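To keep things clear, I will list the structure first and then write my remarks on it.
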Protein chains: 2
Amino acid sequence: MAPEFDLIRRHFTWPVTMAGTLGVGDDCALFLPPAGRQVAVSTDLLVEGRHFFPDVDPRALGHKSLAVNLSDLAAMGAQPAGCVLGLALPDIDHDWLAAFAAGFRALSERANCPLLGGDTTRSLSGRTISVTIFGYVDPAQALRRDAARPGDDLWVSGRLGAAHAALQVMLEKWSVPADAPVPDWRQALEHPEPQLALGGRLAGLAHAAIDISDGLAQDLGHILVASACGARIDCTLLPAADGLQMLDEVQRLEALLGGGDVYQLCFTAAPGQRDAILQAAVAADTQVTRIGVIEPQTGLRLIDAQGRIVADGFAGFDHFRA
Amino acid sequence: MAPEFDLIRRHFTWPVTMAGTLGVGDDCALFLPPAGRQVAVSTDLLVEGRHFFPDVDPRALGHKSLAVNLSDLAAMGAQPAGCVLGLALPDIDHDWLAAFAAGFRALSERANCPLLGGDTTRSLSGRTISVTIFGYVDPAQALRRDAARPGDDLWVSGRLGAAHAALQVMLEKWSVPADAPVPDWRQALEHPEPQLALGGRLAGLAHAAIDISDGLAQDLGHILVASACGARIDCTLLPAADGLQMLDEVQRLEALLGGGDVYQLCFTAAPGQRDAILQAAVAADTQVTRIGVIEPQTGLRLIDAQGRIVADGFAGFDHFRA
C-alpha cells in the first residue's frame with residue numbers, strides 16, 4: 001500500500017480555517033473549545049456488507065458516513081467542531097476515494113465540521129469506515145436520554161419509514177405494484193440529512209432526545225429506560241414518508257416503528273413549549289409532529305385509530321426490528 | 001448479534017468520575033476541557049492480520065489498542081482526557097471480549113484516560129479495532145512536527161529495535177542462535193508503554209516531536225519535511241534493545257532505523273536545554289539519548305563509527321522500512 005500519509009494528503013486534506021485548529025498532518029489534530037462548553041463526542045463504524053452494499057455510490061457513502069455521526073451531535077443539541085476518519089480498504093482505488101471524499105467534504109463544509117485527521121490501512125476483506133465526531137454544547141442545555149418526564153409531549157421530526165422500505169425493496173423482500181409511481185425512498189436510505197439546525201434549537205427547550213438510527217420503537221426505548229418512565233404513541237399520528245400507503249398495514253407499521261437509518265430526532269418536551277417547538281421547526285426548515293405522551297408507567301403502548309392498545313410493552317414490537 | 005448497546009454495557013462500562021464528563025450510554029459522550037486548553041485528537045485503526053495476529057493474547061491487544069493512541073498524545077505533549085472505541089467482530093466471544101476489555105481498562109485507568117463511548121458491530125471477516133483519543137495541551141506548548149530548527153539536538157527516548165526483531169523472528173524471517181539467551185523482544189511488540197510522562201514534561205521544553213510507530217528514519221522524515229530541514233544521525237549512538245548484538249550489522253540497522261511499533265519519542269530541542277531534558281527523563285523514569293543534530297540541509301545523513309556517511313537522503317534507507 002502506498003504510504004498512508006499520502007492517501008489522507010491526496011484525498012482528504014482541504015483547508016481548515018477555524019482559529020485554534022490544526023488539521024491533518026501531525027501526531028494529533030488540535031482544536032480550541034469555547035470557554036465553558038462541553039465537548040460532545042460520538043463514534044460509528046460502518047462495515048461493507050452490513051451497513052452498506054459493496055457497489056453503493058461512493059459519493060453517497062462519503063456523505064452518509066459523516067451524516068450518521070452529525071445526527072448524534074444533533075440528538076445531543078451540539079454544534080459541530082470537527083471529525084476524524086479511519087478507512088480500512090482492500091485496495092487503493094483513487095476514483096472511489098475521490099468520490100467518497102467529495103461526498104464527505106461537501107457535507108463537512110456545509111455542516112461546518114472540518115476533517116481534522118485520519119488513518120488509512122489495508123484491510124484483508126471489505127471496506128470498514130470509522131468516523132469520530134466532536135461538537136460543542138452548553139452543559140446546561142445538552143439533550144440527554146435520561147431527561148424525559150411524565151407529562152412530556154413526545155415528538156418526532158421529519159417523516160418516517162422511507163429508508164426501511166427502500167432497503168426491503170432492494171433486498172427483494174417487499175415488492176411495490178408495477179403500476180405505482182415509485183417514491184424516492186432510496187434517497188432517504190443513501191442520503192440522510194442530519195437534523196443539526198433543529199437539534200441546536202431544541203437545546204435548552206426540549207428535555208430528552210435521541211436520533212432514530214435503529215427504529216423509533218427501539219430508540220425511544222433507550223429514552224424510556226434511561227428516564228425510568230413509559231410512553232403512549234398514537235399510531236395514527238405517525239408522520240409517514242410518501243408512498244407508504246401502498247404497503248399493507250403490517251409492513252407500514254414495521255417501517256414506521258421498526259425501520260432504522262432514519263436520522264430524524266425523537267424528543268420530549270413540556271406541553272408549555274409547544275409553540276416554541278413549532279417555531280424552532282419552522283426556523284430549522286423542517287417538520288415536527290406530536291405523536292404521543294410520556295407516562296409514569298414504564299413500557300411503550302401503541303394506540304390504534306379506535307383507541308385500542310395494539311401493542312403493550314417492548315416485547316410487543318420486537319418483531320418490528322429491522 | 002446481540003444489541004450493540006449490551007456489549008458495550010457488559011464489557012466496556014466502568015465508572016467515570018471526572019467532573020463534567022458523561023460516559024457510555026447517550027448519543028454522545030461529554031467532557032469539559034479546562035479553559036484555554038486545546039483538545040488534541042488522534043485516531044488509529046488496527047486490522048487483524050495486518051496489525052496483529054489472529055491468535056494474539058486479547059488482553060495484550062486491548063492494552064496495545066489504547067497504547068498506540070496514548071503514544072500520539074505523548075508525542076504532542078498532551079495529557080489524556082478520554083477515548084472512544086469501535087469494534088467490528090466476526091462473532092461474540094465473551095471470554096475474548098472480557099480479556100480485551102481488561103487489558104484496555106488497566107491502561108485506561110493507569111493513564112487516567114476514561115473510555116467515554118463506543119460502537120460495536122459484526123464484521124464479515126476478521127476483527128477491526130478503532131480507537132480515537134482526546135487530550136489537553138497548552139496551545140503554546142504543543143510539540144508539533146513543524147517546529148524543528150537547525151542546530152537542535154536530536155533525541156530518542158527508550159531503546160530501539162526490539163519490536164521489529166520480535167516480529168521478524170515470529171514471521172521466521174530471522175533466526176537467533178539456538179544457544180543464545182532469548183531476549184524478551186515480544187514484550188516490546190505486544191505491550192508497548194506510551195511515553196506520556198516524558199511527553200508532558202517535554203511540552204514547552206522541546207521543539208518538534210513524533211512517536212516512532214513506523215520506524216525512526218521514516219518518522220523523523222515527517223519532522224524534517226514539515227520543518228523544511230535535515231538531520232545527521234550518529235549510528236553508533238542509537239540506543240539498542242538488549243540482544244540486538246546477536247544480529248548481523250544489516251539486521252541491526254534495519255531494526256534500529258526501520259523498525260516500527262516502538263512508541264518511543266523522537267524529538268528535537270535547543271542544545272541549551274540538555275540538562276533540563278535529562279532531568280525530565282529522570283522525572284519520567286525513562287531514558288533519553290542524544291543521537292544527532294538538526295541541519296539546514298534537507299535529507300537525513302547516517303554516520304558510521306569511522307565518521308563516514310553510510311546513507312544520504314531518504315532514498316538510502318527505504319529498504320529499512322518494515
Side-chain angles (χ1 to χ4, degrees), chain A residues 5 20 22 25-33 35-51 71-73 75-76 78 82 84-88 116-126 128 130 132-135 137 139 142-146 209-211 222 226, chain B residues 5 20 22 25-33 35-51 71-73 75-76 78 82 84-88 116-126 128 130 132-135 137 139 142-146 209-211 222 226:
Chain A
F5 203 65
L22 174 69
D26 216 304
D27 294 288
C28 295
L30 298 172
F31 61 94
L32 183 62
R37 292 300 179 94
Q38 274 179 315
V39 176
V41 55
S42 180
T43 191
D44 268 301
L45 280 178
L46 297 180
V47 175
E48 182 174 300
R50 182 157 178 85
H51 300 98
S71 181
D72 283 318
L73 288 186
M76 211 74 196
V84 294
L85 170 68
L87 281 177
L116 299 176
D119 187 24
T120 62
T121 188
R122 187 192 287 276
S123 83
L124 301 182
S125 57
T128 298
S130 161
T132 303
I133 199 165
F134 328 101
V137 65
L143 301 170
R144 295 172 55 152
R145 293 183 183 178
D146 59 4
I210 196 167
D211 73 324
H222 294 314
Chain B
F5 204 63
L22 174 68
D26 216 304
D27 295 287
C28 294
L30 298 173
F31 61 94
L32 185 60
R37 292 298 179 96
Q38 274 180 316
V39 176
V41 55
S42 180
T43 191
D44 268 300
L45 279 178
L46 297 180
V47 174
E48 182 174 300
R50 182 157 177 86
H51 298 97
S71 182
D72 283 317
L73 288 186
M76 212 73 194
V84 293
L85 170 67
L87 281 178
L116 299 175
D119 187 24
T120 63
T121 188
R122 188 191 285 277
S123 83
L124 301 183
S125 57
T128 298
S130 162
T132 304
I133 197 164
F134 326 101
V137 65
L143 301 169
R144 293 171 56 152
R145 293 183 183 178
D146 60 3
I210 196 167
D211 74 325
H222 294 316

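Computed from a prediction, not measured in an experiment: that's the story for all the values here. We name chains A, B, ... by the order of the sequence lines, and we start the count at 1 in each one.
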Inset, instruction - Tell me, out of Gly126(A), Ala142(A), Ala75(A), who's got the most heavy-atom pairs with chain B below 4.5 Å. - result: Ala75(A)

Legend entry - Residue pair Pro33(A) / Val39(B), side-chain heavy-atom distance below 4.5 Å: yes

Inset, instruction - Mind ranking Ile133(B), Thr43(B), Thr128(B), Asp211(B) by heavy-atom pairs under 4.5 Å with chain A and telling me who comes out on top? - result: Thr43(B)

Inset, instruction - First locate atom CG of Leu116(A), then atom OG of Ser42(B), and finally report the distance between them rounded to the nearest 0.5 Å. - result: 11.5 Å

Legend entry - Structural part of Leu73(B) lying under 4.5 Å from a heavy atom of chain A: both

Inset, instruction - Check the pair Ser125(A) / Leu124(B) against side-chain contact (heavy atoms from CB on, under 4.5 Å), numbers first and verdict last. - result: CA-CA 8 Å; Ser125(A) 57; Leu124(B) 301 183; 6.0 Å; no

Legend entry - Contact class of Leu85(B) relative to chain A, heavy atoms under 4.5 angstrom: backbone

Legend entry - Spatial distance of atom CG (Leu87(B)) from atom CG (Leu45(A)) [nearest 0.5 Å]: 7.5 Å

Inset, instruction - Return the minimal non-hydrogen interatomic distance between Arg37(B) and Leu32(A), and the atom names on each side. - result: O-CD1, 3.5 Å

Inset, instruction - Examine whether an atom of Val47(A) lies under 4.5 Å from a heavy atom of chain B, and if so say whether it belongs to the side chain, the backbone or both; otherwise answer neither. - result: side chain

Legend entry - Contact origin within Ala78(B) toward chain A - heavy atom pairs under 4.5 Å: neither

Inset, instruction - Drop me the distance from Leu30(A)'s CG to Met76(B)'s CE, to the nearest 0.5 angstrom. - result: 4.0 Å

Inset, instruction - Taking all non-hydrogen atoms of both residues into account, name the closest pair between Arg122(A) and Arg50(B) and its distance. - result: O-CD, 3.0 Å

